[in-house]
Amino acid sequence: MQRALNIARDRFADWYQAVVAGADMAESSPVRGAMVIKPWGYGVWEQIQAELDRRIKATGHENCYFPLFIPLSFIAKEADHVDGFAKEMAVVTHHRLKMIDGRLQPDPEAKLEEPLVVRPTSETIIGDAFSRWIRSHRDLPLLINQWANVVRWEMRPRLFLRTTEFLWQEGHTAHASEAEAVAETAMALEMYRSFAEDVLAMPVIAGEKPENERFPGAVATWSIEAMMQDGKALQAGTSHFLGTHFAEAQNIKFQDDAGTLTLCNTTSWGVSTRLIGGVIMTHGDDDGLRLPPAIAPRQIVVVPMLRDKPEDEHVMAYCEELVKSLSKLSAFGQPLRVLLDNKKIKSAEKRWNWVRRGAPLILEVGPRDAAGANVSMMRRDDLRDGDKVKSVIKPRQDFLENAVQLLTEIQAGLYAEAKARLDANIKTGITDWAGVENYFAGGDDDFKGWLRISWSKPTGDALEKIGAQLKALKLTIRNAPLDQPETFAKCLFTGAAGVEEILIGRAY
RNA sequence: CGGAGCGUAGCUCAGCCUGGUAGAGCAUUAGCUUUGGGAGCUAAGGGCCGUUGGUUCGAAUCCAGCCGCUCCGACCA
């Protein structure tokens with residue numbers, strides 16, 4: 001059968017790259033690990049930004065912008081933070097180039113007194129501002145967000161999933177009490193969960209990261225974890241309770257109503273362009289991407305079937321009117337995003353381009369459709385009947401009346417499909433290490449999903465040991481889901497009394 | 001940074017083992033045909049065969065270095 005892609009999901013890594021390329025979302029750049037995000041990929045990011053930004057503002061946060069460059073000394077202030085990020089830092093050491101021996105290179109005369117790091121995250125530079133902005137309990141809570149790019153010098157980049165430079169949103173807040181800060185962290189986590197599920201149609205498990213997977217410098221880290229179609233986990237968003245660690249390091253203090261100088265409790269939380277990788281690996285199929293309508297830059301694409309004949313004019317006029325009528329409608333609280341694809345390329349090619357890009361609804365309109373007031377409709381979420389492409393002829397008026405409902409159905413359908421996969425592939429009931437080994441035996445390519453097991457939540461060296469044990473099977477602890485039972489089986493690792501259930505699995 | 005594989009036309013790749021004038025399909029351009037859907041025929045354009053050096057009368061092909069990409073590890077949103 002002829003597919004829109006020439007690689008199927010059984011070669012998942014190759015398939016992923018084929019989808020990104022086929023959907024024309026991004027490409028690698030001359031700089032290793034840094035990607036060019038192309039209009040269709042960036043369009044998805046703009047939808048993510050727009051909707052998440054609404055939610056961030058609705059919960060009382062304000063947007064700011066902090067510098068890309070951070071004085072090296074700032075990073076050095078929080079010891080764990082240094083440990084976590086030192087190995088992946090881009091550093092600016094000079095401010096001028098000079099031609100020396102015929103080669104353009106940094107001018108030794110123009111060496112910076114203090115090197116600047118390119119932000120890998122902004123806790124330190126925002127903390128510095130917080131220490132100046134906060135004086136009184138009346139300045140709290142301070143709720144800030146920024147949309148920015150960050151740089152982490154990663155070893156093995158993968159488009160969208162792990163790039164040297166990536167785009168994200170980072171929330172940073174300061175609070176008068178620990179309880180308030182923890183509540184803020186929970187709020188952000190819940191915002192991410194609902195955003196992932198309702199907007200990206202990507203079901204996730206929200207929970208707390210174990211001690212050894214925490215953000216460097218955090219007291220506690222929570223995450224949402226999504227299951228990709230190869231069974232691996234993708235950490236899709238994080239929320240960190242930083243306690244007073246950064247407040248201590250950066251002197252973020254306030255006078256309470258009794259006049260006592262007190263350290264703030266701070267939080268930070270973020271999601272990145274990685275979400276786009278998650279959407280691809282959650283919803284893509286062997287014909288390319290399938291975009292949830294809520295984030296599709298174009299939800300309906302109209303492809304006129306032109307043949308350089310006089311009736312083309314009528315077809316175009318009909319299509320223009322159709323697009324105009326559709327554009328008056330609203331779905332997911334926003335005006336419908338409709339495109340008339342009038343590029344001067346072959347119609348058949350247009351169709352397959354939109355299939356690969358994952359436009360939720362593709363309408364083909366030929367002379368006979370135009371004459372009969374019909375449209376030929378393809379649903380990207382339900383493209384084929386066996387090997388054949390399902391193209392359904394519908395009266396134009398019916399389509400207009402049902403378009404919004406249809407998009408809502410597609411959104412729900414993609415979620416339901418992914419949710420069923422997630423639920424079916426979290427295995428419970430394994431109670432000893434031999435069972436884990438046995439379950440994850442066999443090839444890396446086998447679909448395994450995750451295990452939900454009980455443990456005694458060891459810390460320190462005991463936890464390190466478990467980490468190493470898991471690592472031998474390429475497993476990690478993903479998180480301890482928020483939703484916990486009343487009673488627990490014995491700890492799978494130690495045999496001690498269980499106190500918590502955790503998810504383990506392979507991850508990106 | 002370690003292990004494996006790969007760099008040949010815009011794209012996907014063959015040719016390399018066994019050295020002897022640079023190939024195919026798709027895409028592009030032109031003409032004709034076709035017209036409910038990824039069309040057919042004919043013709044044309046398009047290559048420092050990643051890069052530097054070595055071996056050789058002769059290198060896409062053999063050898064070495066370098067650069068880049070992909071996969072597997074270590075790192076990670």
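Only this structure's heavy atoms are used, side chains among them; waters, hydrogens and symmetry mates stay out. Just so we're on the same page: letters track the sequence lines, and every chain starts at 1. Since the model is a prediction, treat every value here as computed from it, not as a measurement.
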Measure from the side-chain N and O atoms of [X] to the backbone N and O of [Y], and report whether any donor-acceptor pair falls under 3.5 Å.
X	Y	result
A/Trp15	A/Gly284	no
A/Ser272	A/Arg274	yes
A/Arg478	A/Ala507	no
A/Glu311	A/Pro367	no
A/Gln235	A/Ile224	no
A/Arg119	A/Asn149	yes
A/Arg3	A/Gly288	no

Complementary nucleotide for [N] - Watson-Crick or wobble, under 3.5 Å:
N	value
B/rC76	none
B/rA60	none
B/rG31	B/rC41
B/rC69	B/rG5
B/rC13	B/rG23

Could you state the [atom1]-[atom2] distance from [X] to [N], rounded to the nearest angstrom?
X	N	atom1	atom2	answer
A/Trp153	B/rC75	CH2	P	20 Å
A/Arg11	B/rC71	CZ	C1'	11 Å
A/Leu475	B/rG73	CG	C1'	15 Å
A/Phe160	B/rC76	CZ	P	23 Å
A/Lys346	B/rU35	NZ	P	17 Å
A/Lys232	B/rC71	NZ	P	10 Å
A/Met155	B/rG3	CE	P	16 Å
A/Phe12	B/rC72	CZ	C1'	17 Å

### Query
Quick check: are there more than 12 heavy atoms from other residues, nucleotides or ligands sitting under 6.0 Å from NZ of A/Lys465?
no

Taking the [atom1] atom in each of [N] and [M], what is the distance between them to the nearest angstrom?
N	M	atom1	value
B/rC67	B/rU51	P	15 Å
B/rG10	B/rG47	C1'	12 Å
B/rC16	B/rU61	C1'	4 Å
B/rU55	B/rU8	C1'	22 Å
B/rG46	B/rU70	P	32 Å
B/rG5	B/rC76	C1'	25 Å
B/rG25	B/rA9	C1'	12 Å
B/rA22	B/rC17	P	16 Å

Pick base, sugar-phosphate or nothing for [X], based on heavy-atom distances below 4.0 Å to the nucleic acid.
X	result
A/Ser272	base
A/Leu161	base
A/Asp369	base
A/Lys350	nothing
A/Trp168	nothing
A/Ser28	nothing
A/Glu364	base
A/Ala4	base
A/Glu154	base

#### Entry: Stretch residues 282-290 of chain A: residues that reach within less than 4.0 Å of RNA chain B through a heavy atom
none

### Query
How far apart are the C-alpha atoms of A/Met35 and A/Thr163, what are their side-chain angles, what is the distance that settles it, and do they pass the side chain to side chain contact (heavy atoms under 4.5 Å, CB included) test?
CA-CA 7 Å; A/Met35 66 176 164; A/Thr163 47; 4.0 Å; yes

Could you check which of [options] has an atom nearest any side-chain atom of [X]?
X	options	answer
A/Thr163	B/rA27, B/rC72, B/rA77	B/rA77
A/Arg152	B/rA77, B/rG38, B/rC75	B/rA77
A/Glu88	B/rA74, B/rC76, B/rU35	B/rC76
A/Asp14	B/rU70, B/rC75, B/rA77	B/rU70
A/Lys474	B/rA74, B/rC72, B/rA39	B/rC72

### Position toward the 5' end of RNA chain B (nearest nucleotide), A/Ile393 or A/Phe166
A/Ile393

### Message
Quick check: on RNA chain B, is the nucleotide nearest A/Arg274 upstream (toward 5') of the one nearest A/Ser29, or the reverse? Name the residue that is more 5'.
### Response
A/Ser29

### Task
Test ring-ring contact (aromatic ring centres under 6.0 Å, His included) on A/Trp168 and A/Trp45 and set out the steps.
CA-CA 10 Å; A/Trp168 77 349; A/Trp45 180 239; over 10 Å; no

Give a yes/no answer on whether the side chain of [X] brings an N or O atom under 4.0 Å of OP1 or OP2 in [N].
X	N	value
A/Arg156	B/rC75	no
A/Gln17	B/rC69	no
A/Arg158	B/rC71	yes
A/Lys471	B/rC75	yes

### Query
Hey, is the side chain of A/Arg162 pairing donor to acceptor with the base of B/rC76 inside 3.5 Å?
yes

#### Entry: Chi angles and distances behind the ring-ring contact (aromatic ring centres under 6.0 Å, His included) call for A/His172, A/Phe130
CA-CA 10 Å; A/His172 294 272; A/Phe130 278 15; 7.3 Å; no

